[in-house]
2 protein chains.
Amino acid sequence: MAPRKKSETPPAPNTPVSMADLARELGVSMTTISRALSDHYSIGPEMKSKVLKLAKKYNYQPNRLASALRKGKSKLLGIIVPYIEGRFFPSVVHGIETAASKAGYNVIICQSNEDAAQERRNVEALLSAQVAGIMVSLSRTTTSYQHFDKVQSRGLPLVFFDRSVEGENVNAVVLNDQEGALISTRHLLQQGCRRIAHLAGPQHLNIYKNRRQGYLDALREAGLPVEEELIVYTDMTQDEGAAAMRRWLALPNPPDGIFSGGDYCALGAMQEAARQGVRVPDDVAITGFSNEAFTVITEPTITTIDQRCEEMGQATVRLLLELIEASGTTFTPRQIVLRPELLIRDSSLREARKTTGRRAAKAAVR
Amino acid sequence: MAPRKKSETPPAPNTPVSMADLARELGVSMTTISRALSDHYSIGPEMKSKVLKLAKKYNYQPNRLASALRKGKSKLLGIIVPYIEGRFFPSVVHGIETAASKAGYNVIICQSNEDAAQERRNVEALLSAQVAGIMVSLSRTTTSYQHFDKVQSRGLPLVFFDRSVEGENVNAVVLNDQEGALISTRHLLQQGCRRIAHLAGPQHLNIYKNRRQGYLDALREAGLPVEEELIVYTDMTQDEGAAAMRRWLALPNPPDGIFSGGDYCALGAMQEAARQGVRVPDDVAITGFSNEAFTVITEPTITTIDQRCEEMGQATVRLLLELIEASGTTFTPRQIVLRPELLIRDSSLREARKTTGRRAAKAAVR
DNA sequence: TTGTAGGCGTTATCAC
DNA sequence: GTGATAACGCCTACAA
């Protein structure tokens, strides 16, 4: 479409009105209009109100493209996530969008689909769109980081969240998975468990490595031995949780507590226990990880670790905005570590006084 | 930040390179560069490859802001959703982003938080950002639609999805809730249920009104009477489902089938049945609506209606792109109605041959 | 306090 | 086939 011709008549009602249109209408210069609209200091109050009134009348919308082009700074932030599904990423994105919008920014969202090449293309697209900063949770297949070097060498603020690159040289917001595992396992110990098993996830992923470490820390702290038969490595699926539980229940001396690195896996174990007539939490107490939505609807409800999705989103935006404002000056990279929260529910609580009444699940309204 | 001064030296490595920089380097005009990069017809092949090589060397990124400003058309689409949580909206957004990105568009996401005023602000922001089109799922509190009239009067393509305004004058993609209810209730009839109850949602919301209507249709079709004591109006929560079930089980003649307008509510009913020793599906068959993630992990798994979230996203983008391409020409608004899918699971399947083995739940990896 | 003018990076139009 | 030039809408020295 060819650009609209400049006309001397007032703008058609269905066409966006520019500052030039307002200027012509009032017989003043564009500068005046610009100052009135941007609340500049040197502008007569009556002039200003006249401009504002006309702007409202014509429903003037500033063209942020033009503004960004001129100023070299847009009001757009970019997010790259592996995907927008499940519980975790949508919640973080929710937190990000809320915080960004509060600060006057809009957010462009991209999915890498766990594909490094796609992630690279996402970065290019965001650079092309002239975003003011980028937030990334790494794709699982990303092994080289040049595309991010390029971002930083342009002086464009960059913050990783949840899945970050290692090191002190990046800005990142992550959850302390190890601490989560530690407090969860400690809780099982406090409930009287002495033989605590662990459903571990793929150890090449940091989150699962750290969760296993936290579990080990808690055992050591309590002076308990680590028994290899009590650690089962899984892909964190429900079925693998059930399978592990079957193996454990077949032992001469089965565990009396289980810390699972994920909720689905914990669920599988719990269901297998029920099938075999083993009582949860009395015979075996179980805790999960992630606070999946279903953990409050099972019977018993599942003790788990909340990952502070919303806070993670907020913290990510806060850090990014700091970087944007400090743009130009030197800024020492920061890693923000969020503290996980243990949500104690019925699957691990052995005392007589259980949590009173199930937490009402959110309405299934869409 | 003041715009960078035009310099005669090659660009610093950390600064974006423009077409002018390339032109200077090659001693040709910007026009030539532009043509080479945009694959224009009148350009010498050797010139073209020279330009492309240099562009790659300097890692040239087109400035889409400038391009959009000049052309009056950006490569950005806007989405407005009530929120990015639960199962439904994230999945639709996932579908939208995937389809948009395939077509070379990026997506700005906004949340209205079920607030009409916020929704209005979202529209303004997207207009300001000069998006090429807008996709909206209405906030629950939206009662006036002027902000959308403004969008359309600007000639900006607009498509509603899921929560749309009524009428033939809008472009929309919605699910046929009534049909979903119909096939779900029919399925219960086929399973031999003769007294089918309904957990209904708030009737001022179209989706629940339509689901109730589908239920009534199925009863009429089967020549069964509508009994008011078998329809309970709820807010679709788990607890209300349980409460309704309690009332039904206290009847002299309890229902032998239940069609719930939502999965959480169905779950509550199912759990209450279990507590009272009533067998599902043999004593009472139950079906839900929405295909929430938990419906495959309960025991028994819950029969439900899939809402085609991904397809909805794709269809929305397809329709919007059509509108964008038809921009200027007259385009008769279209309403696309997606057909829901009945997922038959154990909570309603009375025959001996149940679904073999629980469907493996997706790994709880984040 | 207000106006003038140039430029942000790209592309369409015209001339060569 | 290539080049010069003028916009797109906004912002900001600088001048008045």
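No experiment lies behind these values; they were computed from the predicted model shown.
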Would you mind reading off the distance between [X] atom [atom1] and [N] atom [atom2], rounded to a whole angstrom?
{"X": "K75(A)", "N": "dC10(D)", "atom1": "NZ", "atom2": "C1'", "result": "15 Å"}
{"X": "I43(B)", "N": "dG1(D)", "atom1": "CD1", "atom2": "P", "result": "9 Å"}
{"X": "I33(B)", "N": "dG3(D)", "atom1": "CD1", "atom2": "P", "result": "9 Å"}
{"X": "M30(B)", "N": "dA6(D)", "atom1": "CE", "atom2": "C1'", "result": "11 Å"}
{"X": "K73(B)", "N": "dA12(C)", "atom1": "NZ", "atom2": "C1'", "result": "17 Å"}
{"X": "M47(A)", "N": "dG3(C)", "atom1": "CE", "atom2": "P", "result": "7 Å"}
{"X": "M19(B)", "N": "dA4(D)", "atom1": "CE", "atom2": "C1'", "result": "14 Å"}
{"X": "Q130(B)", "N": "dT10(C)", "atom1": "CD", "atom2": "P", "result": "18 Å"}

Does a donor on one side chain and an acceptor on the other come within less than 3.5 Å for [X] and [Y]?
{"X": "Q118(B)", "Y": "S112(B)", "answer": "no"}
{"X": "S34(A)", "Y": "T31(A)", "answer": "no"}
{"X": "E310(B)", "Y": "S91(B)", "answer": "no"}

Closest of dG3(D), dT2(D), dG3(C) to the S29(A) side chain is dG3(C)
Testing dC8(D), dT2(D), dC10(D) for proximity to the side chain of L69(B), the answer is dC8(D)
For [N], does OP1 or OP2 lie under 4.0 Å from any side-chain N or O of [X]?
{"X": "S67(B)", "N": "dT11(C)", "result": "yes"}
{"X": "S34(B)", "N": "dT11(C)", "result": "yes"}
{"X": "S18(A)", "N": "dG9(D)", "result": "no"}
{"X": "T32(A)", "N": "dT2(C)", "result": "no"}

Quick one: does [X] reach the base of [N] with a side-chain donor-acceptor pair under 3.5 Å?
{"X": "R35(A)", "N": "dG3(C)", "result": "yes"}
{"X": "R70(B)", "N": "dG9(D)", "result": "no"}
{"X": "T31(B)", "N": "dA4(D)", "result": "yes"}

Rounded to 10°, the helix from dT1(C)-dA16(D) to dC16(C)-dG1(D) deviates from straight, judged by its five-pair end axes, by 40°
Comparing nearest nucleotides in DNA chain D, the 5'-proximal residue of the pair R64(A), P45(B) is P45(B)
Nearest-nucleotide check on DNA chain D, H40(B) vs L65(A); residue mapping nearer the 5' end is H40(B)
Partner of N171(A) under side-chain contact (heavy atoms from CB on, under 4.5 Å), picked from E322(A), M135(A), R334(A), Q335(A), is R334(A)
To the nearest 0.5 Å, atom CZ of F331(B) lies from atom CG of L323(B) at 4.5 Å
To the nearest 0.5 Å, atom CD1 of I80(B) lies from atom CD of E119(B) at 6.0 Å
So does E25(B) pair up with K50(B), basic N to acidic O under 4.0 Å? no
### Side-chain heavy atoms of C110(B) within contact of N106(A), under 4.5 Å
yes
